[in-house]
Each structure stands twice: as structure tokens, then as C-alpha cells.
Protein chains: 2
Amino acid sequence: MRYTGLRSFQAVAQAGGFTAAAEQLGVSQPTLTAQIGALEAEFDVRLFHRRNRRVELTPAGRDLLAITTRMFAEEREALEFLQQSRELRRGVLRVGAVGPYHVTEMLAAFGRRYPGVELSVALGNSTRALQDLRDYRTDVAVLAHIDEDPGLLAVPYRRHPVVVFTRTDHPFAARDAIALADLQGERMIVREKGSTTRRAFEEAIGAAGVAPRIVMEIGSREAIREAVIHGLGIGYVSAAEFVADPVLRAVPIADAQIFTYAHVVILRERADGRVIRAFLDTVGGMLRPE
Amino acid sequence: MRYTGLRSFQAVAQAGGFTAAAEQLGVSQPTLTAQIGALEAEFDVRLFHRRNRRVELTPAGRDLLAITTRMFAEEREALEFLQQSRELRRGVLRVGAVGPYHVTEMLAAFGRRYPGVELSVALGNSTRALQDLRDYRTDVAVLAHIDEDPGLLAVPYRRHPVVVFTRTDHPFAARDAIALADLQGERMIVREKGSTTRRAFEEAIGAAGVAPRIVMEIGSREAIREAVIHGLGIGYVSAAEFVADPVLRAVPIADAQIFTYAHVVILRERADGRVIRAFLDTVGGMLRPE
DNA sequence: GGCAATCGATAGAAATTACCTATGCGTTAC
DNA sequence: GTAACGCATAGGTAATTTCTATCGATTGCC
């Protein structure tokens, strides 16, 4: 009652009459008569003088109007906020990712489409990214890794071939491509166990029966790159993550389909969230598995 | 729906849970589930993460909460205002009067009883006072005059004898009282036609068959006083309105009951107004005819 | 000066909304 | 492992809101 009464009061006060307010409010005039009557009766306060055919605010009504005007301004703001949220003219999208490679591209596209939505990116390893996702600290994760958790939904975004890279003084550096078999006995520096790239690579050489000579295992892309630059051996990396250098050369592997995949991962239970849907939709138009 | 939904949202957000909010709000928990569910469905926005057995605001929820908090603060203020109006801890009382004689006394008593109510007095002639009353510019009028208008309600407040006043060098000045008959042939200065005092006075001398000699008719108490001071004749005035002066002397009339009455006048249609009722009630305790 | 139009009040009924009880499912705590 | 806790669901009830029809009164127009 209190809300409806105040709303009717506000409308009548602003419209300057019951009939006008009723039209403006989309209700019938007796409704307003009843509601304002109830309000006045409950608090035993006259809010309007019904002077003949005209209504006029009492002093108490004037004071009340000042308050309700502010109140309904806030209400409008709340509804406007919700409306804008629905239309994604505002909101927040928080993304966790292991590297800036793909996520920047995705967020650029999303940002163009929904300029009102605030974007935030948390970079970290895949474990952290997944934990943030599960804890609702992020809405989306961009990962290579695929967790078999049924609570997760992973959408393949893009795949990249794994390439070998060497110093320019290595024989491979002169070639357009190599064959997997060429790696037999090669001194290689590899990623740590658990690396998605390593898993894909080892699967391929295992299937081909090729056995490079592993000289070092390092848990960092950047560190491997340094090691290769210093001539400790050759390395491999996802083509998307290869950083050019004057003394380095990336060489494709011709006869093997070794890929790493970038996935967009969300919580299945949040798949119907509006911002998340919009993000997947935006990203969906960018799918281009190499 | 919108209001109830927002109220439920506000309660859950502040209480930190549906059950706690339900208790605090005096409704059942499913009510809140339904209402917030409806709100979220209507705008397709998640406001809370229902994470296991705990609820947590989403970013959108946090933004909305900031708005609704302000909104409900305004609502509380509005209800508080109405509550205070009911208890007359605030409000306005506007009084119209012809002179400050009685109204000051009444307002002092009213002000002591209802310190929160703002008081205002408009002094003027009785015509103006009545017009202000009819136009709702004042709530109460304090008048001598009684209008026979059925729309008015006049409460007698106090009555005052009409006294004769003279210069101190006039024979009457030495007497404790005079009789009506003593006025026969006296040079008198009288009020204008329509004056309540004049009507009461003439009624009395008419009944007694006494005929003073009217030397002047003036439409102002102050002007009559000046005229008497200058020796143009003797005057009469309501005892309550007599202003002392070294050269003036007021003399009661022993054998006549000539009175003027102070009335508290209100519009009958507003007799049930809270402030007006309170005023009449306060004044009622002060009734003391004479 | 009379008639039509306008505005708010009233009465009674209909539709929508808000709300409750009972219960289920999953998690947390002892 | 069991009990307690917290939110979701289902179905029904109570309360509020709102409607239509009509009246009474005033204002404006001709």
C-alpha cells in the first residue's frame, strides 16, 4: 500500500489533478482517489485540498512531494540500470586467460559490439584461471587446456600448429619445413609435464616412433626461448606464441598435424547468463580453426 | 512487481541470505525466492550467485544495491515524515487574525504542546482573514465577527466588556464606573458601521433609549484613540483592546452587559483536519469567557 | 441564464499480485 | 554419517490493486 499510495500521490501532485495523473499513469481515476484517500486516512494527513474542481497541495503535501520526487528518481534509476543491463549497454565481463594472445582479440571484438560493458582480464596460469572461473571471480576463461570436468563447457576457439624453432645457424633454419623424422636424435628443449603443447608434441612423435634427445625441460616459454638462443638445442612452440628474434627461425613440421587449441571455457551452470551468452556469440563469429 | 522485487532484493542483499532477509522482512523465504527470481527473469540479469548454500552479489547486483539503498532511504524518510505528521511532531498551522491580542496567547499554548509544528500568523482585517480562511491560505481565523455562513464553524473563545474611555480631564475619568444613562448627549466618537464593537454598543444604548451625540465616525481603533486624546469626545473600545495612555482613562459601564467576543473560526469542511483539531483542542482548554 | 463538459468521489466487482505451507535437494557442520 | 541449514519448487490462498458504472458538483460556453 505504501508504495502504491506514494506513487499515486507523486503522480497527482505532478500532473496537477487526479484525472490527468490517471491517464499519465495508465490507471483509472477512481484508483487514484482510493489510494490517496487511503494514504491520507492511514496517516490522518491531508495532502491535497480538493477545492471544487481543482486540487492543490497542502503544506504537508509539498513537503512530502520533495521526498517522493527524490525517491522515484532513484527508482527510475534502478529500473534504467536493469534495462540497460538487459540490453548489455552496461555490465561487467571478467575474463581469465593464460596469455594475452587470443583474449585481446576477443575482447576487442566484444568491446566494439558492447561498448557499455566494462571489461577486465586476469592473466595467470591455467589452474588459477580455472579456479577463478569456478569461484565466480571471472565469467570466462581462455585456455589451451581442456579439463574433463562436466561442470565446464569448452568451446574451441582457434588452433595453431606447433612449430619447431632453432637458431639461424642450425641446419633446419634454411629449410621451409622439416619432417617429424628429422627430429630423430635432435637435441631438444621441452616444456614441463602438463604443458598442453608438450602433450600434443609427444603424442605426435610417439605415434611416429621418433625419439629426439631431450636435453632440458623448462617450465617457461620464455626460458626455453633463451635456451635455444644460447644454442642449447631446438625447441617447439605453438605458432601463435612464437616471438620473432633475429637469431631464431620457426620451422613448420610438414608431415604431422600437431596443434594446440585455444578454448573459451565457461561454467556450464552459467551458460545462460546474458553477458556470457553475448561473449560466446561474439567469439562464435570469430571461430577460425587456423 | 517492480517495487516488491526491489525491496526483496535490497533485503536479501543486506541480510546476506534469503532466509535471514525473510525473517527480517516478516515474509516467508519462498516469497523472496520467487520475487527475486521474477526480477532476474524480467531483466535477464543475475543479481545473486547462488553458490551452494551461500548467496553473493554479482557485479550487477552490487551496482543495483547502491541505487536501491538510496531509494529505500528516501522511502523511509517519506514514511517517517507522514508518521511525524500524524503525531503532529511536524506540520504547519497558519492563523489569520484581526489583532495580536488573543492569537498570541493561543499560539503560545499550541507551540508549547506541539513544538514541531511551524506557526504563522497573518494579521489583517476580518474580511481578509475570512477570505484567507476560505481560500485555504490559513487554517484558522481569530475574529470578533461572526459570519452566518453555514460553511464556517465559530467557537467562542473569550468575551470582553466594552468600556468607555476619556481624557483624564473629563468628568467620567474620576469615576469607578458610569451608567449607560450618563452617556445621554455625550460627545462620542464611534467606529465604522460593521464594527462588532459598534454593533454591540448600539444595541445596548438602543435598548436603554440612550442617545449620545455622535461627533465623528472613524474606521480605526488607533485613530479614535488619537481623537479622544485630542479632546474631540469620548470613545468606546473592547477592554482587551484598550491601550493605556497617561491622558486616557478607561471607565466600565456598570449597568449594561456589552461584550465583544473573540471567536476561533474554521471552515466546517476542514473541522476534521488533524492540526485544526489539535488547535481547537488546545484552545478549548483555555476557554474563559471574561 | 441554462446546458454541456469536466473533475473528483463512491460503490461494488473482477483481476492481478503477493504470500504461505509443504516439500525437495544439495551442502555444511558436528 | 547424520542432522541442520539454506535455497528452490509446487500448488493454493489471501490480499491488494484496479476496473466499470454512476453520482454530485462546478466551470465554461453560447
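The figures here come from the full heavy-atom set of this structure, side chains too, leaving out hydrogens, waters and symmetry mates. Note on naming: letters A, B, ... go to the chains in the order of the sequence lines (proteins, then strands), and numbering restarts at 1 for each one.
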Under 4.0 angstrom, heavy atoms only, what part of the nucleic acid is [X] near: base, sugar-phosphate, or nothing?
X: A/Gly17; result: sugar-phosphate
X: A/Thr4; result: sugar-phosphate
X: A/Arg2; result: nothing
X: B/Gly26; result: sugar-phosphate

Can you check whether any acceptor in the base of C/dA9 is under 3.5 Å from a donor in the side chain of A/Gln29, or vice versa? yes
Quick one: do [X] and [Y] make a salt bridge, cutoff under 4.0 Å?
X: B/Glu75; Y: B/Arg7; result: no
X: A/Arg277; Y: B/Asp44; result: yes
X: B/Asp132; Y: B/Arg94; result: no

More 5' along DNA chain D: A/Pro30 or B/Pro30, using each one's nearest nucleotide? B/Pro30
Is any side-chain N or O of [X] closer than 4.0 Å to OP1 or OP2 of [N]?
X: B/Arg50; N: D/dT9; answer: no
X: B/Thr19; N: D/dC7; answer: yes
X: A/Ser28; N: D/dT18; answer: no
X: B/Thr33; N: D/dC7; answer: no
X: B/Gln35; N: C/dC19; answer: yes

Between atom [atom1] in [X] and atom [atom2] in [N], what is the gap in whole Å?
X: A/Phe18; N: D/dG24; atom1: CZ; atom2: C1'; answer: 16 Å
X: A/His49; N: C/dG8; atom1: NE2; atom2: P; answer: 16 Å
X: A/Leu32; N: C/dC7; atom1: CG; atom2: C1'; answer: 13 Å
X: B/Phe48; N: D/dA8; atom1: CZ; atom2: P; answer: 10 Å
X: B/Ile36; N: D/dT9; atom1: CD1; atom2: P; answer: 13 Å
X: B/Arg7; N: C/dT17; atom1: CZ; atom2: P; answer: 16 Å
X: B/Arg54; N: D/dC5; atom1: CZ; atom2: C1'; answer: 11 Å
X: A/Glu23; N: D/dT18; atom1: CD; atom2: C1'; answer: 17 Å

Less than 6.0 Å separating the ring centroids of B/Phe279 and B/Tyr114? no
Is there a donor-acceptor contact under 3.5 Å linking the side chains of A/Gln29 and A/Thr33? yes
